[in-house]
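The block underneath contains the structure these notes are about, expressed in structure tokens.
Atoms considered below: every heavy atom in the structure, side chains included; atoms not considered: hydrogens, waters and symmetry mates.
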Amino acid sequence: MSEVMVDARSVRKSYGSVEVLSGITLKVEQGEVLCIIGPSGSGKSTFLRCLNHLESINGGRIYVNGELMGYRQVGNVLYEMKSKDIAKARQGIGMVFQRFNLFPHLTALQNIIEAPMGVAGMNADDAKALGLQLLEQVGLADKGDHYPSQLSGGQQQRVAIARALAMKPKLMLFDEPTSALDPELVGDVLDVMKNLAKAGMTMIVVTHEMGFAKEVADRVVFIDKGQIVEVGTPKQVLDNPQEARTKAFLNKVL
């Protein structure tokens, strides 16, 4: 039987009086690739950021790999964990953002090995070996000594993926990883993600790339106005949607 990697239960998130997530309940199994689609402002990225507690939640529970994320529970009351405990819990979750967020003063290799050495305490030789292996994995074996400013957007995003993988995460979160890229650079990044999926990495991907979702996702979730409207296989949701809101959205993007 598959194990549940992510278990989100009635997750709510508000900014002031605006409710962005209105009770999201969703399970993701180990090794599953889940793509989240929906219009801008529907809560997709917010939900992703709640999963690793970059955003605190106002209601519900999120469990990652069986552990309550961001909080400890005493009786029925939740208490937010201390920053260092949250950081420790996050180590098993890799995240790749729209913007690459690389350190501009570090080379590609240095960006990748910063966390394994600084956070995980890996020695320099082992970290360098891991970093070179990951650069090769993302097709950038010859770019280790290049600074971000010397790399294209697509290359920077692949370095960002390698950096996330360096902490050997059990779960990878991708927040529209190709939306800031020129169209001709998108394919190389998606190829790296496809290879990760084939290797069995559990992935949750917020994306506008419907072709990628169709090819790689085990399930697709359509979110609108902070709620899950429809969920199913790519064939069910993308080719034969049942809900009027899903149909209207897909008519605009496909």
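- Using modelled atom types, one side-chain atom of Gln157 and one backbone atom of Phe97 make a donor-acceptor pair closer than 3.5 Å.
- Not one N or O on the side chain of Lys235 forms a donor-acceptor pair closer than 3.5 Å with the backbone of Asn240.
- Atom CG of Leu51 is separated from atom CE of Met5 by 12.0 Å, given to the nearest 0.5 angstrom.
- Checked by atom type and distance alone, the side chain of Tyr63 never pairs as donor or acceptor with a backbone atom of Val4 at under 3.5 Å.
- A donor-acceptor pair is defined here as one N or O able to donate and one able to accept, closer than 3.5 Å; no such pair exists between the side chain of Glu243 and the backbone of Glu230.
- For Met203 against Leu196, the heavy-atom pair with the smallest separation is SD-CB, 3.9 Å.
- Val159 and Leu130 fall within the same hydrophobic cluster, defined by Ile, Leu, Val, Met, Phe, Trp and Tyr side-chain heavy atoms under 4.5 Å apart, directly or through other members.
- No donor-acceptor pair under 3.5 Å is formed between the side chain of Asn111 and the backbone N or O of Leu102.
- Glu209 and Thr178 are linked by a side-chain donor-acceptor pair at a separation below 3.5 angstrom, with hydrogens and angles left out of the test.
- Residues passing the side chain to side chain contact (heavy atoms under 4.5 Å, CB included) test with Met117 are Ile113, Ala124, Ala127, sequence neighbours excluded.
- How far NZ of Lys214 is from OG1 of Thr233: 11.0 Å, rounded to the nearest 0.5 Å.
- The local environment of NZ in Lys194 is crowded, with over 12 non-hydrogen atoms from other residues, nucleotides or ligands closer than 6.0 Å.
- Between the side chain of Asp182 and the backbone N or O of Leu185, no donor-acceptor pair lies under 3.5 Å.
- We find the CD-NE2 distance between Gln155 and His146 to be 7.5 Å, quoted to the nearest 0.5 Å.
- Residues Gln150 and Asp145 come closest through the heavy atom pair OE1-O, 4.3 Å.
- Taking both residues in full, the closest heavy atoms of Met81 and Tyr71 are given as SD-N, 3.4 Å, listed atom of the first, atom of the second, then distance.
- Within the 4.5 Å cutoff, side-chain heavy atoms of Leu165 are placed close to those of Met172.
- Under a hydrophobic clustering in which Ile, Leu, Val, Met, Phe, Trp and Tyr are joined whenever their side-chain heavy atoms come within less than 4.5 Å, directly or via other members, Phe174 and Leu26 fall into different clusters.
- Between the Lys44 side chain and the Gly38 main chain, a donor and an acceptor come within less than 3.5 Å of each other.
- From Ile62, atom CD1 reaches atom CD1 of Ile57 across 4.5 Å, with rounding to the nearest 0.5 Å.
- Crowding of Glu136 atom CD: a count of heavy atoms from other residues, nucleotides or ligands under 6.0 Å not exceeding 12.
- Checked by atom type and distance alone, the side chain of Arg158 pairs as donor or acceptor with a backbone atom of Val138 at under 3.5 Å.
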*Begin with the C-alpha distance, continue with both residues' side-chain angles, and end with the deciding distance and a verdict on side chain to side chain contact (heavy atoms under 4.5 Å, CB included) for Met69 and Ile93.*
CA-CA 11 Å; Met69 188 67 202; Ile93 306 172; 4.2 Å; yes

_Go through it in stages, so that I can follow the logic: the residues are Leu54 and Met95, the test is side chain to side chain contact (heavy atoms under 4.5 Å, CB included), and I'd like the CA-CA distance, side-chain angles, deciding distance and then a yes or no._
CA-CA 10 Å; Leu54 284 174; Met95 186 154 184; 3.8 Å; yes

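- Shown here for Leu238 and Leu254, the closest heavy-atom pair between the two residues is O-CD1, 4.0 Å.
- Under the 4.5 Å side-chain heavy-atom criterion for Ile, Leu, Val, Met, Phe, Trp and Tyr, Leu134 and Met193 are members of the same hydrophobic cluster.
- Transitive grouping of hydrophobic side chains (ILVMFWY, heavy atoms separated by less than 4.5 Å) brings Leu34 and Val6 into a common cluster.
- For Gln242, there are no side chain to side chain donor-acceptor pair (under 3.5 Å) partners at least two apart in sequence or on another chain.
- Partners of Glu19 according to the salt bridge (charged side-chain N to carboxylate O under 4.0 Å, His left out) rule, which considers only residues two or more places apart in sequence or in another chain, are Arg12.
- We find the OG-CG distance between Ser56 and Leu78 to be 11.5 Å, quoted to the nearest 0.5 Å.
- In this structure, the side chain of Thr202 does not engage the main chain of Gln30 through any donor-acceptor pair within 3.5 Å.
- Not counting sequence neighbours, the partners of Phe249 by the ring pair (Phe, Tyr, Trp, His ring centres under 6.0 Å) test are Phe222.
- Not counting sequence neighbours, Phe100 has no partner by the ring pair (Phe, Tyr, Trp, His ring centres under 6.0 Å) test.
- For Glu67, the CD atom counts as loosely surrounded, since its 6.0 Å shell holds 12 or fewer non-hydrogen atoms of other residues, nucleotides or ligands.
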*Step by step, work out the side chain to side chain contact (heavy atoms under 4.5 Å, CB included) result for Val186 and Phe212.*
CA-CA 11 Å; Val186 168; Phe212 173 82; over 6 Å; no

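- In the hydrophobic cluster analysis, where Ile, Leu, Val, Met, Phe, Trp and Tyr join through side-chain heavy atoms closer than 4.5 angstrom, Ile37 is grouped apart from Ile223.
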*For the pair Gln73 and Leu68, evaluate side chain to side chain contact (heavy atoms under 4.5 Å, CB included) and give the outcome as yes or no after the intermediate values.*
CA-CA 8 Å; Gln73 186 167 339; Leu68 185 60; 4.1 Å; yes

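- Across all non-hydrogen atoms, the minimal contact from Pro39 to Asp224 is CG-OD1, 3.3 Å.
- Sequence neighbours left out, the pairs with a member in residues 85-100 that pass side-chain hydrogen bond (donor to acceptor under 3.5 Å, both in side chains) are Gln98-Ser179.
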